[in-house]
Q: 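Before I ask anything, here is the structure I am working with.
First the proteins, then the strands, lettered A, B, ... as listed; each starts at 1.
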Amino acid sequence: MSMVMQSAPSAETAPSVRQRAPLFRLHRASVWIWCLTLAGISLIAVSIPAVSAGVSFWFYLFQWIALASALNLMAGMTGYVPFGFAAFFGIGAYAAAVLSQFHHAPTWAALVGATAAGALLAVLFAPTLRLRGVFFSVVSLSLAIVLRSVIVLLPEDVAGGSSGITITGRHDPIRLYYLMVAVSMGAVAIATAISVTPHGLRLKAIGDDLDAAQIIGVNAKGLRLAMWMLSGTIAAVCGALEGLYSSAIDPAAAFNILISTKAIIYAALGGLGTVMGPVVGAVLMTITDELIWTRFPIANLFILGLIVSATVLFFPRGIVGSLLQRHPRFRRWFF
Amino acid sequence: MTSLMTGAIVNAIALGILYGLLGLSLTIVYGAMRIANLAHGEMVLAGSYVAYVVTTQLGYSPLAAIPVAFILLFLLAFALFAVAGRRLQAARDPEMASFLFFYGVSLMVASGLLFLFDADARSVIFQFQPLSYRVLGLVIPKARVVAVGVAMVLVPALFLFLYRTTSGKALRAAVMNRDALRIVGVDVERLSLVAFSVSAGIAGVTGVLLALVFPAFTPFSGLDYTITGFVVIVLGGLGSPLGALLGGMIFAFSEQLTTLWIGQSAGVLAGFLILVLVVAIRPAGLIGQAEWKS
Amino acid sequence: MKRRQFLKMSRGIGFLAVGAAIGPFVAPTHAQTSGRKSIRIGMSVASTGTFAHDSQSGRRAIDLWLEQVNAQGGLLHQGQRYPVELVVRDDRSDKQLAPRVYESLIFDEKVDLVLAPYGSTLTAAAATITDRNDIFMMGWAVAADSVFKQGYKYIVNGGTTPVSRVPEVPVQALKRFGGKVVSTIAVDEPYSDALAGSFRATAEKNGLAVGVAEKYSRGAKDFTTILNKAAAAKTDLLCITSYDTDMIVMLRQMKENDINFPAIFSTFSQNSSILALGNDAIGLWGQSNIDPRVAYAVNLGPTAAQYLDAYNTKYPNGPQSDINSAVAFASLMVLGAIIERAPSLTAPDLKAAALDLSGHLTVLNGTYRIDETGFQTGYDILVIQNTAKGGREVIAPAAVATSAPLFPMPTWDQKAKM
Amino acid sequence: MNALAQIGPDSTLISFRNVYAAYFGDIHVLKNLTLSFRSGEVTGIIGPNGAGKSTVLKTLLGFLKPSAGDIVFDGRSLLGTPSHDMVHVGVGYVPQNSSLFLDLSVEDNLILGCWPVRRDGARVRRAIDRVLGDFPMLAPFRHGRAGELSGGQRRFLEIARALLIEPKALLFDEPTAMIAPKYASEVYDHIARLARQGIAVILVDQNVRPCIQVSDYVYILELGQKTMEGDADAFRSDERIRAEIGRWLEVSGG
């Protein structure tokens, strides 16, 4: 492929002299440390409502961890970047809102419905996985826009039309917050599990070179589909929780393209294809966002844009990814 | 209904050319450099604001805004690319890196426009004399005739450049085999820099033309243009200039005819559905290259 | 071994650092500050996004109110004057950000009560937080009826005429002028679609026909075809309920294609961006809650004329006061009265005071009247028509009209000669 | 092995002087390599897989920067010359993988081959007519897409393109690896002919026998180091060398 690149020789340039980069095996200890860290985060998260009266910051922090991790399952592990990720978030929010508002379902039933809706949508959109690169991204975005338009065009008593749905039944916000923590930790745990098992390597093979992956016998299609389903379903549950939490759903907000772009950016800034990257990215960016927005209300968008662009230029693989690239010995510890 | 129909078709042709132009500048950059310019819409929008300043604030003809927009956007893009281009292209995944980078740029441009022009709608007040032409019972606005006229000069000029000049051929060749360009002695970095700047200049001109036809905009209108641009080029086939033009036409026709028969909401829906259908049947777009298929 | 310890240690330090960074967000539970020095009111304004322009219009009137109140020493509460502090944050028109903004206002800034953000969507999102934390919220641009049907206890609409009550005046006026067909063009967003639907319902209720009911998605740019369809349906009153940006494009496309309607109604007809169109804006019907020539029997605060004078003095270089400025100012007048009447600034006391005052306050907008849910039932709108040379006339309700309407409004050819 | 005859320095066009080169800064692929290439000769570079043969070409072309040593071309150091200027300097390159623009016409591919002199329209036309005369099999396809050519024809088009602006040196990387055997001998004939025209030809090849056949001088590389060199005649006759070649042919499975 890249016969004349300077810095990154492909295998054919010097196959055996350049020892194949040793596959850094994770230290078992590092997995343990990571799991303990996650447990610690969960513990802190669970105690937040006791010490802080406001949980919104935390709710959205964990929502972004979940969304960035879910997106990473697809984009980071297999190289598919779904611009239309918001479709899953939106369908989840709508499923929960419709069930809760029009059919008076309790919280758990609304969430189960949203999960099912997300999985169903993932199956429906699965044929787009034939596409690659920008084709996949743009078609997936188009599907999100189509889905949004369909929901708007449905009669108001089915899905609320343009006005959206205001959920009047009260869902306990603290319980929704705990659920969001659980979903985000679940998403990270799934990513961890995939990464430390051989599946992770296979997925990375798809991301690096699809054809080669197929030649060495990776069931690319099956794995990709599985990631797609997982990724979409997690996003749908996030949408459902957010919908119930904010209790106001409308098409513009539920299918906002910002949900896709932010998830992509958070994951990519942290490091696509790493487990810790999306968590680091989501946490750092949510905090940065919060700080900028409080301190520089006028210039906040500009500063945010600057941070995003500068990070891409100076940490092209994201924070965790670039760290691992520059100091490969950390591969045993960070992943 | 027939006069409505003819009107819609005339409309679709005008819009199709403008959409095509929107895609054309995007596809050159994407095809040749694998750079997904997410700030494309903001660059177009900046062109619209140039039209606003030149006409509404300074009182000149919008035609005067065309060279101003071109030069301004060219210079801005030149500076931007000189700073970031090499790093972006050296990235492991230039598509992803450029997508993120230009997302940041789009935020910066939008907030810059916000700072300069406030959040409320600005409109190009300039009016042509006469306002419109009547042809066979059909009213055709002069602003559209002018916009389409300029586009009709610009598009063939671009095609002549891409298909007849050596530099244009090199740009198209970059879509096919970027590495081989270096072997024949092309300074790819310089070519990219010039191509990106020219593309931004054309985006600026497109913005002026769009401002003639859609005379109101806010600093947040950019994303709509970006999405339209990407849909058009994916429909036509990435990296294919002819495809961008064809994609623009198809998108405009589907939008207009559906609006006529069903309604405007369905009109947008139809455009996106056609995109999904076309890509389902021909994964590389209408005039795309096979290498894009999975 | 050493490296492992080092790594563990550095990771620990990392966590400490993160903890320090996010520490401020773990706000302690809010407690009423004893020894009150001021009344702190929180609100959010959008710097960017869909609502940026409108929320900033409101903000200007709010600043004017603040200046006036503090010039006289503040508000009289519990027998003492307290200066009013306004704590403003940015919600970027983002529904997800709004709850966080209000949480931060309540817990970090320890505000006593809040003003709603702009628009029904953001207000509903913010109200879930304020209501849950027993904070009183004054809504000033919350037109959607639905917000008041979800059982919030402490939100009151003090300024806006609700969507369901906007169309009555213009539709009845149309009927009186002899029009028969009403058409709507809406963007598929809550306020716009709800208002369009309400127009159609009101038209039918008044025995008028509905021509076309067009709805488009955000980002649509070419309206020629739907405008032609509306014209083909012999529309007498075209109601454009979407953004002013889109309306400018529609007007230009009507003009260029010589499409004429006897009347066009839009909430935005008197926005500076529309008025900047000059003669092209002549004849448009717009919605306002105030007019210097319409003097209600005001028993609280300035009359519309006095308000406009004060506004123009504070902002001599514009932008002009628009409908959002007027409703914001009106709701602040009402809020001031509520604060002065309430025995404390707790939400139940403020809500009770708000209900007590219902029907007794007439401000520049008209008479303030709410029901138990805080839903506004007062404040009829005025239909304002733009006339030549930047003039405006009130054409409905008939009782307060300042002029007979231009009906049908001038065609594009006629306007060009005006 | 240095006992083999040296040819006078006057005809040396390119020389590697103690060149070291590495990928990623620490994976050395060329170690203290000293080579010289003469005008009018085919110099073959052979060696087992991963010996650094292609890397020699890439370093020469500037795609890879040597960490030490110098590369001299016609008395002038090539270090620091960007790779896209190599054509201008007089170094042509025919890489292993296709370097054609398959959706452009044969003629357009040739036009791009004249990039350094593109402003001189007459010269471009003359050059294209000249190489089409030299490669008559391409002439009928002049206006067809390059992608419609067969594998062998594509290779000739690449060679033709490299000859457009009359290089002093021409680098081949596995010129027959991807093409049908019936074209292979034709390609080698061409390579020999190029050397007779005075060009310094460098031939990196996996196919040891034809490479030695066509070469005038041969280097053998192993793990980035020169292990043998000498006149091709010696390689053709010397038992010891043939045994050595046989050894690494076995090792690399070739």
Q: With respect to A/Leu143, which candidate in B/Leu273, B/Leu275, B/Val276 satisfies the side-chain contact (heavy atoms from CB on, under 4.5 Å) definition?
A: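 Result: among B/Leu273, B/Leu275, B/Val276, B/Val276 is the only option passing the side-chain contact (heavy atoms from CB on, under 4.5 Å) with A/Leu143.
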Q: Any side-chain heavy atom of B/Leu88 within less than 4.5 Å of one from A/Val312?
A: yes
Q: Taking all non-hydrogen atoms of both residues into account, name the closest pair between A/Ser309 and B/Val105 and its distance.
A: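 Closest approach of A/Ser309 to B/Val105, heavy atoms only: OG-N, 3.4 Å.
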Q: Does the side chain of A/Leu141 reach to within under 4.5 Å of the side chain of B/Phe230, using non-hydrogen atoms?
A: no
Q: Report yes if the side chains of B/Tyr103 and A/Ile265 come closer than 4.5 Å at any heavy-atom pair, otherwise no.
A: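 Yes - at least one pair of side-chain heavy atoms lies under 4.5 Å apart.
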Q: Over all heavy atoms of both residues, which pair between A/Ala268 and B/Leu100 is shortest? Give the atoms and the distance, please.
A: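 Closest approach of A/Ala268 to B/Leu100, heavy atoms only: CB-CD1, 3.1 Å.
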Q: Is the number of heavy atoms from other residues, nucleotides or ligands under 6.0 Å of A/Phe125 CZ greater than 12?
A: yes
Q: Which atoms of A/Leu147 come close to chain B, meaning under 4.5 Å heavy atom to heavy atom: side chain ones, backbone ones, both, or neither?
A: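 Contact with chain B: none, neither part.
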Q: For B/Ile227, is it the side chain, the backbone, both, or neither that has a heavy atom closer than 4.5 Å to a heavy atom of chain A?
A: side chain
Q: Using non-hydrogen atoms and a 4.5 Å limit, figure out which bit of A/Phe136 sits close to chain B: side chain, backbone, both or neither.
A: neither
Q: So for A/Val81, is it side chain, backbone, both, or neither that comes closer than 4.5 Å to the heavy atoms of chain B?
A: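 A/Val81 touches chain B through side-chain heavy atoms alone.
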Q: Ignoring hydrogens, what is the shortest heavy-atom contact between A/Leu313 and B/Arg87? Give both atom names and the distance.
A: O-NH1, 3.0 Å
Q: Where does B/Leu38 contact chain A at under 4.5 Å (heavy atoms): side chain, backbone, both or neither?
A: side chain
Q: Is there side-chain contact between A/Thr128 and B/Val279, with heavy atoms separated by less than 4.5 Å?
A: no
